[in-house]
Amino acid sequence: MISFFDTKETRSTAERTAELALRLPALIAHAQANSPAMAGILNGIPAAQISSLKALSALPVTRKSELHDLQKAARPFGGFNAAQYGAIRRVFSSPGPIYEPEGTQTDYARVARALFAAGMRKGDLIYNTFSYHMTPGGWIMDAGALALGCAVFPGGTGNSEQQIAAIHDLQPVAYAGTPSFLRILLEKADELGTPITYFKHALVSGEYFAPQVRALFEARGIQALQCYATADAGLIAYETGANQGMVIDEDIIVEIVRPGTGEVVPDGEVGEVVVTTFNQVYPLVRFGTGDLSAIMAGENPCGRTNARIKGWMGRADQTAKIKGMFVHPSQIAEVVKRHPEIIRARLTITNPDQRDAMALSCECAHASDALQAAITQSLRDVTKLGGEVQFCAAGSLANDGKVIDDQRKIE
């Protein structure tokens with residue numbers, strides 16, 4: 001029997017779109033009034049006019065890759081926080097370092113929805129092996145579990161033999177953590193002659209979840225589903241029992257944009273995941289995660305009606321250093337913008353004879369020598385580097401979100 005966390009999960013697309021759009025003006029106004037960084041980014045933009053997803057798509061994108069430098073310039077949060085320590089419960093650190101505030105509301109990262117989809121229910125004991133030290137993973141899962149009415153054992157990472165002993169003593173039915181650590185626990189317990197048989201459900205995240213590892217868990221009677229969450233934006237998407245993509249969370253807006261730009265790509269095309277949250281403590285408007293994914297077509301067999309993404313498909317930040325010069329995806333986007341004849345383009349970098357060389361492959365409906373010369377000049381003007389321009393047939397470039405493909409080999 002299919003059950004849902006709440007009625008939001010089964011509302012119509014029109015109802016969902018209208019409700020999220022209705023909340024946008026207040027979010028923009030709040031960010032402008034309380035977050036110095038967002039006030040600068042959104043300067044001069046009338047909040048009342050940002051009342052549709054189309055209007056939102058015209059606003060600037062702020063990328064996670066920028067946060068480290070922004071926070072160094074304005075400690076501790078780069079001015080993106082809209083609340084001070086009195087309204088902040090915890091502060092976390094992610095690699096960079098990048099610091100993230102946690103507000104005081106229940107289930108701050110909204111993970112209870114993903115735990116429910118993974119089979120956890122009120123009264124369950126969840127064995128949580130995400131780290132509670134400095135990073136937010138352990139606390140994010142902990143808060144979601146408590147909001148769901150579950151008990152939590154804060155196992156954290158490491159000490160596998162001690163953890164196995166605790167699992168046998170407590171007999172938890174659910175696991176939260178990385179798939180690799182669950183596998184370590186299961187295999188170590190087998191080696192000790194004390195197999196773990198209590199886990200029935202698992203919510204995994206934080207790393208690639210290989211199909212063969214999923215099958216290994218299923219063979220042991222564990223239904224393991226994954227969620228996609230970040231320290232900045234909280235829950236972004238989660239798997240359901242249908243195992244067909246990841247359903248976008250109900251309380252955020254997700255756009256897929258062409259890497260290096262803010263341009264929303266058609267459904268099915270791979271691009272960067274850009275998230276807008278309605279977080280009053282840390283309001284992020286068009287926040288570029290740096291992750292690649294794509295919107296999936298069709299309805300989800302599980303009955304949830306929100307759009308789905310394909311999951312993590314790589315990184316959007318494909319900046320490369322060529323002959324001592326940095327070349328960014330945004331520069332390739334600028335070259336494409338200058339020539340409307342280009343449908344899609346990809347810069348390939350090679351190093352024959354250990355000398356950097358670059359070639360821009362362009363899908364064009366109508367190629368010509370004049371157009372090739374013009375694009376070659378634009379490539380030089382924008383990147384300050386010379387490169388070859390090649391034409392290819394429409395649809396021939398892979399739909400994988402790559403704008404810069406670095407194929408150099410080090411010998």
Side-chain angles (χ1 to χ4, degrees), residues 1-5 9 111-130 137-138 140-141 144-145 148 150-153 155-157 160-161 163-229 235-249 293 296 298-304 306 308-313:
M1 178 179 176
I2 296 176
S3 57
F4 304 101
F5 182 73
E9 295 183 350
V111 171
R113 185 182 302 281
L115 289 165
F116 185 91
M120 284 69 150
R121 296 293 183 268
K122 182 178 180 179
D124 288 345
L125 172 62
I126 298 177
Y127 200 93
N128 184 16
T129 67
F130 281 110
I140 285 175
M141 285 294 170
L148 196 57
C150 300
V152 180
F153 184 85
T157 57
S160 58
E161 291 192 21
Q163 300 232 28
I164 290 166
I167 291 168
H168 284 299
D169 288 340
L170 298 170
Q171 301 182 16
V173 298
Y175 167 94
T178 63
S180 61
F181 193 59
L182 176 55
R183 184 175 183 177
I184 287 171
L185 290 175
L186 294 172
E187 293 179 348
K188 183 65 175 178
D190 290 347
E191 290 177 15
L192 296 173
T194 57
I196 294 172
T197 59
Y198 312 106
F199 292 141
K200 302 303 177 187
H201 305 283
L203 182 65
V204 300
S205 191
E207 63 187 27
Y208 175 61
F209 188 21
Q212 58 268 33
V213 177
R214 189 195 296 269
L216 183 153
F217 296 155
E218 289 177 351
R220 290 174 175 262
I222 303 172
Q223 181 194 45
L225 302 180
Q226 61 183 324
C227 73
Y228 168 31
L235 180 67
I236 296 175
Y238 59 97
E239 283 188 322
T240 71
N243 283 342
Q244 295 188 26
M246 305 181 79
V247 180
I248 295 172
D249 181 47
S293 193
M296 295 179 65
E299 297 181 358
N300 193 336
C302 76
R304 291 172 177 84
N306 205 352
R308 294 168 294 157
I309 59 175
K310 291 184 178 180
W312 188 81
M313 300 177 70

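- Considering only heavy atoms from C-beta on, S205 stays 4.5 Å or farther from Y228 through its side chain.
- Interatomic distance, CD of Q223 versus CZ of R214, reported as 9.0 Å (0.5 Å rounding).
- Nearest heavy-atom pair, G156 versus F181, reported as atom, atom and distance to 0.1 Å: O-CE2, 4.0 Å.
- Nearest approach of L235 to A229, heavy atoms of both residues: CA-CB, 3.9 Å.
- Looking at Y175, its side chain does come within 3.5 Å of a backbone N or O of L182 through a donor-acceptor pair.
- For E187, the CD atom sits in a packed shell: over 12 heavy atoms of surrounding residues, nucleotides or ligands are nearer than 6.0 Å.
- With rounding to the nearest 0.5 angstrom, the CG atom of L186 is 8.0 Å from the CD1 atom of I167.
- The heavy-atom pair separating L225 from G241 by the smallest distance is CD1-N, 3.9 Å.
- The backbone N or O of M313 sits nowhere less than 3.5 Å from a side-chain atom of S293 that would complete a donor-acceptor pair.
- Listed here is the closest heavy atom pair of Y238 and A114: CB-CB, 3.7 Å.
- Between R220 and D190, at least one side-chain nitrogen of the basic residue sits less than 4.0 Å from a carboxylate oxygen of the acidic one, meeting the salt-bridge criterion.
- Y127 and A166 make their closest contact through OH-CB, 3.8 Å (heavy atoms, listed as atom of the first residue, atom of the second, distance).
- With contacts defined as side-chain heavy-atom distances shorter than 4.5 Å, the pair L148/F5 qualifies.
- Between Q163 and T129, the side chains place no donor N or O within less than 3.5 Å of an acceptor N or O (distance only, hydrogens not considered).
- Taking CG of L125 as the start and CE of M120 as the end, the distance is 10.5 Å to the nearest 0.5 Å.
- Looking at R308, its side chain does come within 3.5 Å of a backbone N or O of G298 through a donor-acceptor pair.
- With contacts defined as side-chain heavy-atom distances shorter than 4.5 Å, the pair Y198/H168 qualifies.
- I236 has its side chain out of reach of D249: every pair of non-hydrogen atoms, C-beta onward, lies at least 4.5 Å apart.
- Taking each heavy atom of A202 and A118 in turn, the nearest pair found is O-CB, 4.0 Å.
- For the pair D124 (side chain) and I126 (backbone), a donor-acceptor distance under 3.5 Å is absent.
- In this structure, the separation between CE on M141 and CG on N128 is 7.5 Å, given to the nearest 0.5 Å.
- Residues R121 and H201 fail the side-chain proximity criterion, which asks for heavy atoms closer than 4.5 Å.
- With a 4.5 Å cut-off on side-chain heavy atoms, Q226 and W312 do not count as touching.
- In this structure, CD1 on I222 lies 9.5 Å from OG1 on T197, to the nearest 0.5 angstrom.
- Note that the CD atom of Q212 and the CZ atom of R183 stand 7.5 Å from one another [nearest 0.5 Å].
- Side-chain contact between T178 and F130: present, with at least one pair of heavy atoms (C-beta onward) separated by less than 4.5 Å.
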